[in-house]
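To keep things clear, I will list the structure first and then write my remarks on it.
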Amino acid sequence: MTDTLLRPGSGMLPGGPGEGMLVEVRGEGELRTQDMNLNIGPQHPATHGVLRVVIDLDGEKIVRATPVIGYMHRGFEKLAEARDYRQIIALVNRHDWLSAFCNELGVALAVERMMELEVPDRAEWIRVLMAEWNRVLNHLMFVGSFGLELGAITPVFFAFREREDIQGLMESATGGRLHFTYTRVGGLKEDLPRGFLAASAKMTRNVRVRNSEYRDLLEGNEIFKARTRKVGILPPDVALDYGVSGPTLHATGIAEDARVTEPYCRYDKVNVHVPVGATGDSYDRFQILLARIDASLDIIDQVLDNIPPGPVNVKLPKIVKAPEGEIYVRTENPLGQGGYYLVSDGKKNPWRLKMRTPSFNNISAMSYLLKDQLLSDMIAILGSVFFVVGDVDR
Amino acid sequence: MTESLLALDNVWLALLLKVAAIVGFFLVAPLVIGYIEHKGLAHMQARLGPMEAAFHGIGQLPADGIKFIQKEDIIPANADKWVFSLAPGVALVPAMVILAVIPLGPGLWAEDLDTGVFFALAVSSVSVIGILMAAWSSASKYSLMGGIRAAAQLIAYELPLVLGAAAVVLQAGTMSLVGIVEAQNDFRILGVVPMWFVLPQALGFLLFFVASLAELSRPPFDMPIADSELIFGHMTEYTGLRYAFFMLAEYAGIVVLSALAVVLFLGGWYPLPGVGLPSFDVLFLPGEVVAALAGFAVTMGKIVALAFVMIWFRATFPRLREDQLQRISWLAFIPLAILNIVVVAVFKVVA
């Protein structure tokens with residue numbers, strides 16, 4: 001061992017963490033490297049929203065990654081305790097802005113089951129229809145943004161073209177483009193407008209054709225495969241440990257879906273296909289997303305064949321009061337399993353409304369997934385473990 | 001060998017005209033490519049692109065330029081101010097210097113160097129120093145990582161680029177860019193069929209084109225700026241005019257490297273293999289000026305076609321990963337490029 005040379009260096013960066021650091025050069029000429037601490041977010045293009053990931057980097061390799069949440073906490077659960085049951089519907093479709101209808105549906109179901117309300121048949125069918133359109137809307141968004149994060153800038157524009165059409169369709173029925181607020185306790189706001197079902201049938205055909213464009217553009221692309229295959233593999237047991245659900249869970253090969261295992265509305269009357277993956281890598285997750293769009297369109301077709309005429313609402317007293325007690329309802333939201341735990345003390349507002357949101361659990365698995373990955377792969381993983389930051393923080 | 005049209009008796013006047021022509025071309029051609037990128041990309045993505053600034057948005061880029069001038073010029077507090085300010089210039093100037101040796105038509109060049117290819121390739125790699133300067137002096141981790149990626153990428157892709165060009169030099173028997181264009185016009189497959197070097201050098205052309213994409217950090221090789229990972233790489237901290245310089249350097253780079261590919265592989269100013277340019281007098285224009293203008297149009301057409309392919313790539317491909325890019329270069333491109341040189345050399349000796 002020769003003498004150790006100590007050389008004052010200017011550090012990694014002026015003003016950076018390594019400034020004034022002594023660079024030690026040992027006799028063998030090995031330079032000691034230092035881990036770099038990097039804050040990705042809260043304002044970073046890859047985190048779509050205000051997620052912050054603190055990572056320690058060794059070169060381009062991630063040594064440790066910690067997601068920091070809470071930048072978008074808006075206190076929905078607490079707010080719900082001060083609102084009556086009708087107002088809560090407009091509140092809960094906001095935390096996950098990409099699956100508004102599915103969220104309001106869960107709360108409506110919880111209140112209805114507590115009140116033991118019988119919802120009209122037509123309303124239940126329309127709920128299935130709208131929930132599936134919302135699912136397509138949501139998945140298209142993630143198909144586009146995943147491509148964008150990998151540097152393919154075209155899919156997102158294609159996805160928004162379809163989203164625009166579907167949003168127009170949903171707007172014609174609900175009056176909203178993002179926050180539909182179409183569900184009511186005991187049914188729906190109003191019946192579908194005339195011609196909606198025909199337009200809906202036409203739209204399923206369009207989206208199916210366009211769906212094949214994404215397959216051509218991304219799934220068959222060699223670079224896309226090289227970027228996503230064997231990247232961010234999530235084993236099934238780890239996924240279950242973290243409570244991961246939805247397309248991210250299905251990609252690992254587990255076909256747990258509340259629409260099948262615990263059907264609500266009229267999901268027991270339709271044939272729900274749950275596509276599953278094999279390896280649980282980013283590529284699988286993306287494929288599941290595309291397959292789920294097709295599966296949702298199939299359900300929409302079945303709904304269009306079965307939807308009966310009739311009323312869409314029941315007459316309720318002016319003030320809706322859930323009887324004393326508690327209930328837990330789970331629904332299959334586009335991003336995964338949504339749970340609504342409602343405790344009522346018999347008053348006009350809930351005593352406690354606890355939401356189990358899929359994004360929160362999906363993001364929990366991030367530390368596991370990002371460890372020992374490259375910085376570029378972080379993007380492929382962040383984009384394919386589907387989450388909405390508002391849904392994480394609530 | 002023909003002389004440059006601008007080779008006048010008065011050396012100083014000739015110099016002035018040449019500099020004016022180069023700067024003029026340097027400022028206008030990137031705007032043309034930029035506009036094509038705006039509109040071409042937009043139509044590939046089912047949208048319209050700029051529509052408001054003048055007719056179909058042709059005024060968009062000049063308007064952007066004016067906007068950039070008005071922006072506040074921010075230098076981060078921890079930045080190395082001198083290096084930070086100089087970096088955009090260092091990135092920009094090489095593209096302009098290369099234009100001096102590129103022939104855009106018969107007689108349309110500023111200087112016909114005997115070592116034209118060597119000069120162009122050597123100068124083109126200077127611009128990465130500008131990128132490294134920007135990355136280092138910005139005092140931002142994202143910039144630093146972008147700069148390191150850019151440097152690694154340059155080292156990996158400079159070789160296939162140079163080796164691809166070297167095979168052409170070997171076949172043409174000259175390093176002069178004008179000489180290479182003329183050699184392509186004289187080249188005959190089996191002594192009969194006239195053809196440019198793009199066919200016998202198909203492999204070399206492919207390597208050269210892909211390597212120039214990597215050299216320019218264009219998709220699918222845009223990891224140095226990777227906006228979803230590194231915000232904007234070495235340009236993250238830049239605003240206003242300095243940022244505009246980087247953008248101009250990128251588009252000027254597209255023009256210059258496309259022009260090099262055209263000169264080396266696609267027959268330069270010749271419209272078709274074995275077909276010359278019209279050189280008769282038109283009205284008051286003498287024949288050689290007519291030929292020069294026609295040649296310029298043909299060269300520009302080819303440059304725009306190559307640039308369009310680059311834009312097309314951008315609309316189609318996701319970004320590669322840094323290690324995948326290195327692997328492709330060292331394990332596939334460089335061996336292929338060497339193989340290409342060997343094959344060309346053997347044919348040159350045998351034929």
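Computation of the quantities below employed the complete heavy-atom set of this structure, encompassing side-chain atoms and omitting hydrogens, waters and symmetry-equivalent molecules. Letters A, B, ... are given to chains in the order of the sequence lines, protein chains preceding strands, and every chain is numbered from 1.
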Distance, nearest 0.5 Å, that separates CZ of B/Phe317 from CG of A/Leu150: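 Answer rounded to 0.5 Å: 14.0 Å.
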Gap between atom CD1 of A/Ile223 and atom CZ of B/Arg321 - 0.5 Å precision: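 Reported to 0.5 Å precision, the distance equals 12.5 Å.
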Please flag which part of A/Leu374 lies under 4.5 Å from any non-hydrogen atom of chain B: side chain, backbone, both or neither. side chain
Please flag which part of [X] lies under 4.5 Å from any non-hydrogen atom of chain A: side chain, backbone, both or neither.
X: B/Leu41; answer: side chain
X: B/Asp323; answer: side chain
X: B/Pro220; answer: side chain
X: B/Arg314; answer: both

Answer yes or no: does atom NZ of B/Lys81 have more than 12 heavy-atom neighbours from other residues, nucleotides or ligands under 6.0 Å? yes
Crowded around B/Trp330 CH2? As in, over 12 foreign heavy atoms under 6.0 Å? yes
Among A/Pro155, A/Ala380, A/Ala152, A/Gly147, which residue forms the greatest number of heavy-atom pairs with chain B at distances under 4.5 Å? A/Ala152
Does the side chain of B/Lys141 come within less than 4.5 Å of A/Leu57's, by heavy atoms?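 They are not in side-chain contact.
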Would you check if B/Arg319 and A/Arg227 make a side-chain contact, meaning some heavy-atom pair closer than 4.5 Å?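 Yes, side chains in contact.
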Could you please spell out the steps behind the side-chain contact (heavy atoms from CB on, under 4.5 Å) verdict for B/Met44 and A/Thr154? CA-CA 8 Å; B/Met44 286 178 204; A/Thr154 307; 5.7 Å; no
